[in-house]
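Letters A, B, ... mirror the listed sequences (proteins, then strands); counts begin at 1.
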Amino acid sequence: MRMTPAVILFGVLALLGSIALVMVYWPYAQQDTTPSEIFRARNAEEAAGRHIYLQNGCVYCHSQAIRPFDWDLGSERIAQAGDYVADEPIQLGSQRTGVDLSQEGGEHPDDWHHAHFINPRYTRPSSVMPPFEWLGTERIRALTRYVQSLGFLQADRRMERQDYWKQESITAYEAGPDANVRWLVEHVPEGWHRVPNPYPTTAAGLQRGQRIYQYFCIGCHGPVGDGMGPAQPWIYPPPLNFTILKGRAISGGILYHQIMNGITGTAMPYFKRDLESQKIWEVGDYVAYYFINQSDANQEPKGIDAAWEP
Amino acid sequence: MSTAEDSISHGNQTAKAFTLTSALWFAFATTFGMIAAGYLVAPDFMANIEYIQFGRMRPMHVNAVLFGFVTPGLLAAAFYYLPRLMKTRLYSEKLGVFSAVFWNLTVAAGMVGVSMGYSQGREYAELPWVVDILVVISFSLVIANFLLTIRRRTEPILYVSIWYAAAAVVLTACTYCLGNVIWKPDTGALAGIPDAILLWFYGHNVFGLLLSPMALGVAYYVLPIATRSPLYSHTLSLLGFWSLIVVYTHIGTHHLLQVPVPTWLKTISIVDSVAMVIPVMVFLINIWYTVKGKLGDVHADIGAKFVFTGTIYYFFVNIQGSMMALPDVQRITHYNNWVVAHAHIGVLGFAGVTALGGLYFILPRITGKPLHSTFLADLQYWLVLIGITGFGIVLTIVGLIQGQAWYNGETLYRTLPEIQPYYITRLSLGILIMTGAYIGLYNVIRSLYFNRGATS
């Protein structure tokens, strides 16, 4: 084959043109632009927030596509092409240095996001996300509106739930510590009240509990469990002060349930994705032993003793 | 120096200008990379500075590497070898120098634009529309010089390096316009899933139709000369060239195997990703057989040493890339640092190291004097080599930790504390690469402008 300038230029251009036609234009022409069942249009403020998201390269760490084999945030729903019909540009992402955000909307109340944007480690101590305090309140608000819209109609339903329980939790908090604790306990299903922490308190268990506490809890509840972590100024109702719980019949089961399920409307997230059973029991016992100063670990009723117990 | 060489060289202003461009942006780009890697270790250090926060520093790093360091480095070699392979002068050194200056302004404008928050938010296609236009003009200036030089050639036969260099710049000018959706200045994007398909078609072509062919052109030029051996096979050259163009352009969708794009498109991209062994192995067989038994000659020339090392990385990045396109493998490797390792092995280990080799190979020839310091060039070689090898290993380990943990149901927040020590190791290895870049910049400046060495 004689490689002349014409052969090279026309050859490669013809190849590029025909391949681009098949690999890019054909899927473009054949695309289904039907929105998915959760889709809705974004309002102006959400669109402004999305612009901030684009400008600041959020896509380099946050994907927006749930895969069939995912477990983490948003994994209740696998991504569909119809979710993205209004996204120009699309923000699928190629990295998960942070969590996938496709269903982030309504996972947390707005004040959690505010504290998180001021400094991500306030609400997520192990995060490596940059602080966005420099955006200022206006832009943080717009960005929050966008993030709270991720998941479209499903996000809207979660936001309604957040807003409802936000009011309830504020009312309870403002009624004073006694009423607040009663309100918190009341909303834990009855069975949990009678379940003590099934594991005995051990030095090793407390060490593990402390590690979990430092990775997940310290930003809001603070190093001594008094609710004065660095996130405290931004969130309302403020983080619970564990030291007021002594003598209020807080069983290990109640702590377990609250850590597992969180308290919607408040900045307290659920940890059932992040932590498995033993980790929740042990961080609960860490809180009970050190901060409440009253642990029911290894008390009756506990059934048959576990084989490994000392 | 021979009179034939005199009639061709004409001062080599263009090759010199692109050499300096590449060395300069290598230093900048690795600095940006260091800052970004530093943020992953200590996110509150230098925090709340809008213009250098992670989300802006990362695209600055990537674009500075692609368009500031690697491409100009490979262009410098091309501006040197094109006239020599065609026994003519470069069409216009003035145009060449102008294109180099324009190129620098373009890259600088891109950096400022992204830093100021004018990113279009599309990975690898961030540069704002105005800069997109400048990029296309930059490529057009180079294309004009290349094609007009080809037109005035006195050597009728076009050597394989010329095919690659000419095809790379022409094809990139086209895919750049297409990939950046240059006809839509406001968003620079399509809507929905087709945008992702187009973006990765383009994104992969930056490597497949720009960096790879340019680097192969340099390897095809440098290694036969350094070993004084004829090229092993013309047939393999042809097969490698055409199969590269055909196969590379099909594989972009392998970035989208886990999202809702048409299955037939995924299938093509997987098949062609595996088929990438054809152009890669054809090239490697051709070039490795060319230098067979002459590694002493390769070792003796610092430029050839870099270039040969680049070919070894080309082998690794290709085997890895083909493997990663398999859906079962990708379930573990996607979305994590495995891919970051792969990208660095490809862009720095193969294309970047080859570009450095091109620079060191042509520097004595365009200045007519030996390198300012072969020792410093060798030091840079080892710093970059240890840096990128360690980088690749560490980030591959991190990727496996992340991927396996996620696949088994551990959440991202559980894996973050686990990978912190590896981020610190990565930062340390980055320091080696960045130090190498600054040593290289010093050596290039000394060799170009303050070289007291005897003329060769």
Side-chain angles (χ1 to χ4, degrees), chain A residues 1 3-5 8-9 11-13 15-16 19-20 23-24 27-28 30-31 33 53-60 63 65 67 69-73 79-81 84-92 94-99 119-121 124 126-131 133-134 215-216 273-274, chain B residues 39-40 43-44 47-48 50 53-56 58-59 117 119-123 150 158 163 166-167 170-171 174-175 178 187-198 201 238 245-246 249-250 252-253 255 258-262 265 268 331 335-336 339 406-407 409 411-414 416-417:
Chain A
M1 182 176 192
M3 293 288 273
T4 64
I8 295 168
L9 289 180
V12 297
L13 284 173
L15 281 172
L16 179 73
I19 293 167
M23 296 300 288
V24 179
Y28 170 77
Q30 294 294 311
Q31 68 174 313
T33 51
Y53 189 93
L54 293 175
Q55 284 183 314
N56 291 295
C58 305
V59 71
Y60 301 116
S63 59
R67 310 172 291 179
F69 49 88
D70 275 331
W71 292 77
D72 209 334
L73 185 68
Q80 296 174 17
Y84 303 105
V85 289
D87 289 0
E88 185 182 326
I90 197 168
Q91 295 283 285
L92 292 174
S94 61
Q95 277 281 307
R96 282 186 186 163
T97 307
V99 289
N119 188 319
R121 278 150 297 289
R124 278 292 193 177
S126 58
S127 168
V128 290
M129 177 168 142
E133 192 173 5
W134 59 269
Y215 285 153
F216 292 97
R273 284 190 212 274
D274 289 316
Chain B
Y39 280 134
L40 291 176
D44 291 312
N48 282 308
E50 172 178 357
Q53 61 101 352
F54 181 88
R56 300 195 186 170
R58 201 197 105 139
S119 165
Q120 289 183 321
R122 290 167 89 234
E123 208 173 351
I150 292 175
L158 295 178
W163 319 343
V170 170
L171 291 177
C174 299
T175 54
L178 187 63
T187 61
L190 303 175
I193 289 293
D195 187 49
I197 295 169
L198 172 60
F201 173 77
L238 278 170
I245 309 286
V246 171
T249 39
H250 280 98
T253 307
H255 293 258
Q258 300 169 347
V259 298
V261 305
L265 205 56
I268 293 177
R331 251 163 242 169
Y335 278 147
N336 58 48
V339 182
W406 299 343
Y407 194 63
T411 60
L412 183 122
Y413 286 112
R414 287 278 294 284
L416 282 177

Student: Side chain, backbone, both or neither: which part of B/L190 has an atom under 4.5 Å from a heavy atom of chain A?
Tutor: both
Student: With a 4.5 angstrom heavy-atom cut-off, is it the side chain or the backbone of A/L15 that approaches chain B, or both, or neither?
Tutor: side chain
Student: Heavy-atom pairs under 4.5 Å with chain A: which of B/L40, B/L198, B/L265, B/V246 has the most?
Tutor: B/L265
Student: Between A/L16 and B/T175, does a side-chain contact (heavy atoms from CB on, under 4.5 Å) hold up when you go through it step by step?
Tutor: CA-CA 9 Å; A/L16 179 73; B/T175 54; 3.6 Å; yes
Student: Select one option (side chain, backbone, both, neither) describing which atoms of B/H255 are under 4.5 Å from chain A's heavy atoms.
Tutor: neither
Student: Would you please name every residue forming a salt bridge (charged side-chain N to carboxylate O under 4.0 Å, His left out) with A/D72, sequence neighbours left out?
Tutor: none
Student: Rounded to the nearest 0.5 Å, what separation is found between the OH atom of A/Y60 and the CZ atom of B/R58?
Tutor: 6.5 Å
Student: Pick whichever of A/S94, A/A20, A/A79, A/A65 has the most heavy-atom pairs under 4.5 Å with chain B.
Tutor: A/S94
Student: Does any N or O in the side chain of A/N56 come within less than 3.5 Å of the main-chain N or O of B/G55, such that one atom is a donor and the other an acceptor?
Tutor: no
Student: Shorter than 4.5 Å, heavy atoms on both sides: which option in A/P131, A/A86, A/P130 has the most such pairs with chain B?
Tutor: A/P131
Student: Tell me, out of B/W163, B/Y413, B/F54, B/F201, who's got the most heavy-atom pairs with chain A below 4.5 Å.
Tutor: B/Y413
Student: Relative to chain A, which of B/L238, B/L178, B/V259 shows the most heavy atom pairs under 4.5 Å?
Tutor: B/L238
Student: Is there a donor-acceptor pair closer than 3.5 Å between any side-chain N or O of A/W71 and the backbone N or O of B/T411?
Tutor: no
Student: Treating A/Q91 as the side-chain partner and B/G121 as the backbone partner, does any N or O pair qualify as donor plus acceptor under 3.5 Å?
Tutor: yes
Student: Side chains of B/Q120 and A/L54, heavy atoms from C-beta outward: is any pair under 4.5 Å?
Tutor: no
Student: Kindly indicate whether the side chain of A/M23, heavy atoms from C-beta on, has any atom under 4.5 Å from the side chain of B/I268.
Tutor: yes
Student: I'd like to verify something: which residue of A/Q31, A/R124, A/R121 has the highest number of heavy-atom pairs under 4.5 Å with chain B?
Tutor: A/R124
Student: Select one option (side chain, backbone, both, neither) describing which atoms of A/Q80 are under 4.5 Å from chain B's heavy atoms.
Tutor: backbone
Student: A/Y28 versus chain B, heavy atoms under 4.5 Å apart: side chain, backbone, both or neither?
Tutor: both
Student: What residue, out of B/P262, B/S119, B/A47, B/G117, has the most heavy-atom pairs lying under 4.5 Å from chain A?
Tutor: B/G117
Student: Do you know which two heavy atoms are closest between A/R67 and B/R331, and how far apart they sit?
Tutor: NH1-O, 4.3 Å
Student: Is the side chain of A/D87 donor-acceptor paired with the backbone N or O of B/G192 at a distance under 3.5 Å, no angle test?
Tutor: no
Student: What distance do A/I90 atom CD1 and B/D195 atom CG have between them, rounded to the nearest 0.5 Å?
Tutor: 6.5 Å
Student: Using non-hydrogen atoms only, which part of A/F216 is less than 4.5 Å away from chain B: side chain, backbone, both, or neither?
Tutor: side chain
Student: Pairing donors with acceptors under 3.5 angstrom, does anything connect the side chains of B/N336 and A/R96?
Tutor: no
Student: What I want to find out is whether B/R414 reaches A/D274 closely enough, with some N-O distance under 4.0 Å, to be called a salt bridge.
Tutor: no
Student: For chain B, which of A/V59, A/I19, A/I8, A/T4 has the most heavy-atom pairs under 4.5 Å?
Tutor: A/I19
Student: Hey, which of B/L171, B/V339, B/T253, B/V261 has the most heavy atom pairs under 4.5 Å with chain A?
Tutor: B/L171
Student: Given a strict heavy-atom distance threshold of 4.5 Å, which part of A/D70 is in contact with chain B: side chain, backbone, both, or neither?
Tutor: neither
Student: Is any side-chain heavy atom of B/P417 less than 4.5 Å from a side-chain heavy atom of A/S126?
Tutor: yes
Student: Going by distance alone, is a donor N or O of one side chain under 3.5 Å from an acceptor N or O of the other, for B/T187 and A/E88?
Tutor: yes
Student: Is it the backbone or the side chain of B/I193 that comes under 4.5 Å from a heavy atom of chain A, or both, or neither?
Tutor: both
Student: Need one label for B/Q53: side chain, backbone, both or neither, based on atoms under 4.5 Å from any heavy atom in chain A.
Tutor: side chain
Student: Please report the closest heavy-atom contact between A/L92 and B/A196, naming both atoms and the distance.
Tutor: CD1-CB, 3.5 Å
